[in-house]
Every structure is written in structure tokens, then in C-alpha cells.
Amino acid sequence: MTGDTILLPLLLGLLEGLTEFIPVSSTGHLLLAGHFLGFESAGRTFEVVIQLGAVLALLTVYFGQLWGVLRAAPTDPAARRFVWAVLIAFLPAAVIGVLAHDLIKTVLFETPALIAVMLVLGGVVLLFADRMAPEPRHEDAMRLPVRTALAIGFFQVLAMVPGVSRSGATIVGGLSMGVGKRAAAEFSFFLSMPTMAGAVAYDLFQNRDVLDWGALNEIAIGFVVAFVTAVVVVKWLLGYVSRHGYALFGWWRIVIGAGALLGIFLAG
């Protein structure tokens with residue numbers, strides 16, 4: 001392996017792990033990085049598979065808690081309600097993701113200017129939601145009403161547009177419905193597990209004829225780096241947003257989106 005074949009997947013894996021669970025759009029960052037660095041794997045194999053590293057990181061951090069919920073579900077109504085809340089919140093994205101898969105992958109993913117614009121607009125929305133959210137009524141992510149969870153699931157559908165951010169959409173949805181800042185981030189974590197696992201599996205199946213498994217070394221590097229980085233981010237994020245909120249991420253989105261628009265303009 002050459003230095004370039006190590007450095008690029010390392011950088012992209014780091015970018016995936018850093019951005020997957022914060023509300024800045026990991027997909028938007030990866031696609032823009034690929035655009036400016038001239039990187040694109042066949043069938044987006046690399047970009048898709050390294051997301052599994054982030055999913056595994058989340059499962060690792062929350063394994064004990066989730067295993068306890070699953071064991072208690074047969075006899076504990078609160079545990080069953082939490083499981084149902086996550087599954088019901090997952091449904092809107094599952095249905096619309098399947099129906100709109102081709103549009104998303106062949107049009108939206110190939111439009112860097114759209115991604116940059118959505119980063120900026122999403123940053124403005126996040127700043128507004130962070131400052132203007134109603135007084136929290138729900139501070140426990142595992143005890144959200146099912147109706148609230150379903151509404152958050154519909155917000156998640158907005159993230160079908162790259163640059164919106166899955167975590168950003170669900171967090172804004174939670175904040176607007178009276179979910180506390182920490183609880184909104186944590187429910188976004190829980191909802192990401194079936195959503196990301198389902199999206200990756202469906203995407204791999206749809207692109208099975210064009211997948212590039214010849215670059216397994218690069219994929220392995222990106223996967224491991226994304227996993228390690230995401231573990232650190234997940235453990236850090238809840239404490240940070242409890243103390244400081246989401247303004248940092250709103251400004252991050254605006255700066256990155258504006259910089260990308262400038263780069264696209266200058267390159268054109």
C-alpha cells in the first residue's frame with residue numbers, strides 16, 4: 001500500500017467517525033471531501049461500509065444498556081414502550097428511503113452545491129432551535145411518548161437530502177417537541193441504530209453488482225478509524241450538549257457549507 005492509499009481512507013474514516021453522531025451531516029462531509037479530493041468508490045462501497053464502523057461504535061458504548069432493555073421487554077411495559085418508540089420512529093425513513101432510493105443516490109448525492117447549501121441552511125435552523133426551543137418536558141430518552149418518537153421519525157426523513165444531517169434533523173425535531181438537549185441527542189443515537197443498519201444493508205444490496213471489494217485494505221482502515229473515533233465522540237457528546245447546547249455545530253455547518261460553496265464557485 002502506498003502512502004496515498006493509507007492516508008485518504010484514514011482521513012475519510014476519521015471524518016466519518018467525527019461527524020456521524022453530531023448534527024453536521026457525515027454524509028455531506030464525506031461527499032464534499034470526495035468531490036474536492038477526487039475520490040469516489042464504485043457503488044460508494046467505501047463510503048457505505050465505513051458507516052458500519054460508526055454503528056458498531058454505538059452498539060459498543062450502549063451494549064449493556066440495550067441488552068438490559070431487551071431482556072426486560074417481555075415483562076417490563078416501560079422497556080417495551082421504548083423498543084416500540086424506536087421502531088415506530090424508524091418506519092417513516094424506512095418506507096420513504098426505499099421508495100426514493102434511486103433519486104437520492106443518483107441525483108441528490110451527485111450535487112455538491114445542494115449539499116453545501118443544505119449545510120448552511122441546516123446550521124441556521126440548528127442555531128434557531130438551540131436558542132428558541134420550548135421548555136423541555138422530556139428529559140429521559142428511553143421514556144419518550146410514542147407519538148413524540150413518531151414525530152421525530154418524520155423529521156428524520158428530511159435527512160434523505162444529503163447535507164441535512166440525520167442526527168441534526170432528529171435533534172431539531174426533538175427540541176421542537178419539548179425533548180431536553182441531552183435526551184434529544186441520546187434518542188438520536190438509539191434511532192440511528194436501525195436506521196443506519198437498514199440503510200447500509202439496503203444500499204449494499206441495491207449496488208451489489210457494482211460494489212468494489214478490491215480495495216479491502218482501504219475499507220478496513222476507514223472502518224477501524226471510524227469505529228475508534230465514533231466511540232470517543234459518542235462518549236463526549238452528551239456531556240457537551242448538556243452544558244453548552246448545539247450552537248457550535250450550527251456555526252460549524254455554516255462555515256463548512258459556505259467554504260464548500262466558495263470552492264465550487266472558484267473551481268467552476
Side-chain angles (χ1 to χ4, degrees), residues 1-63 104-105 109-110 112 115-116 119 159 162-168 185 188-189 191-208 210-238 240 248-249 252-253 255-257 259-260 263:
M1 296 177 67
T2 66
D4 288 343
T5 59
I6 295 175
L7 182 59
L8 191 55
L10 190 152
L11 289 174
L12 293 175
L14 182 64
L15 190 60
E16 165 65 22
L18 283 173
T19 60
E20 182 59 58
F21 299 114
I22 63 176
V24 298
S25 180
S26 63
T27 300
H29 279 65
L30 284 175
L31 293 175
L32 287 174
H35 172 76
F36 287 112
L37 296 173
F39 174 84
E40 179 180 344
S41 62
R44 300 285 186 186
T45 313
F46 177 89
E47 295 91 333
V48 169
V49 173
I50 65 171
Q51 292 183 56
L52 290 176
V55 175
L56 182 60
L58 202 56
L59 288 172
T60 301
V61 172
Y62 279 98
F63 177 79
I104 295 166
K105 294 298 181 181
F109 270 45
E110 305 300 330
I115 298 170
L119 282 172
V164 169
S165 168
R166 188 208 58 78
S167 59
S188 178
F189 289 168
L191 181 53
S192 73
M193 295 182 198
T195 301
M196 291 174 61
V200 169
Y202 186 73
D203 206 43
L204 290 175
F205 175 76
Q206 289 293 99
N207 292 286
R208 62 192 180 280
V210 295
L211 293 177
D212 177 17
W213 295 107
L216 283 177
N217 288 333
E218 288 85 352
I219 293 171
I221 291 171
F223 183 97
V224 171
V225 173
F227 168 79
V228 174
T229 310
V231 167
V232 174
V233 170
V234 167
K235 290 184 175 181
W236 163 80
L237 182 63
L238 294 180
Y240 178 85
L248 170 65
F249 307 115
W252 175 338
R253 295 176 61 106
V255 170
I256 296 297

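The line from CG of Leu248 to CD1 of Ile22 is 7.5 Å long, rounded to the nearest 0.5 Å. Atoms CG and CZ, from Leu237 and Phe249 in turn, are 5.0 Å apart once rounded to the nearest 0.5 Å. How far CG of Leu30 is from NE2 of His35: 14.5 Å, rounded to the nearest 0.5 Å. To the nearest 0.5 Å, the span separating CG on Leu7 from CG on Leu12 amounts to 9.0 Å.
Contact annotation: the side chain of Phe227 never approaches that of Leu52 to less than 4.5 Å [non-hydrogen atoms, C-beta and beyond]. Contact check for Ser26 versus Arg166: no side-chain heavy atoms found under the 4.5 Å cut-off. Side-chain contact between Tyr62 and Val234 is present, with at least one heavy-atom pair separated by less than 4.5 Å. When side chains are defined from C-beta on, Val231 counts as touching Val61, because their heavy atoms get closer than 4.5 Å. Side-chain atoms of Ser167 and Phe21, non-hydrogen and from C-beta on, never get closer than 4.5 Å to each other. Side-chain contact check for Glu218 versus Leu8: every heavy-atom pair is 4.5 Å or farther apart. Contact of the Val55 side chain with the Val200 side chain is not registered, since no non-hydrogen atoms from C-beta on lie closer than 4.5 Å. Taking 4.5 Å as the limit, some side-chain heavy atom of Leu18 sits within range of a side-chain heavy atom of Leu14.
The side chain to side chain donor-acceptor pair (under 3.5 Å) test applied to Tyr202 returns no partner, not counting sequence neighbours.
Closest approach of Gly13 to Ile50, counting heavy atoms only: CA-CD1, 4.3 Å. Among all heavy-atom pairs drawn from Ala260 and Ala116, the shortest one is CB-CB, 3.8 Å. The two residues Phe36 and Gly263 make their nearest non-hydrogen contact at CE2-C, 3.9 Å. Contact record, Ala54 with Ala230: CA-CB, 4.0 Å, taken as the closest heavy-atom pair.
Under the 3.5 Å distance criterion, the side-chain polar atoms of Thr195 are left unmatched by any main-chain donor or acceptor of Ser192. Side-chain atoms of Arg253 come within 3.5 Å of backbone N or O of Leu119 as a donor-acceptor pair. Although no hydrogens or angles enter the test, the distance criterion places no donor-acceptor pair under 3.5 Å between the side chain of His29 and the main chain of Thr19.
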Apply the test side chain to side chain donor-acceptor pair (under 3.5 Å) to residues Thr27 and Ser25: give CA-CA distance (whole Å), side-chain angles for both, the deciding distance (0.1 Å), then the verdict.
CA-CA 5 Å; Thr27 300; Ser25 180; 5.3 Å; no
Hey, mind stepping through Leu11 and Leu15 against side chain to side chain contact (heavy atoms under 4.5 Å, CB included) and telling me if it holds?
CA-CA 6 Å; Leu11 289 174; Leu15 190 60; over 6 Å; no
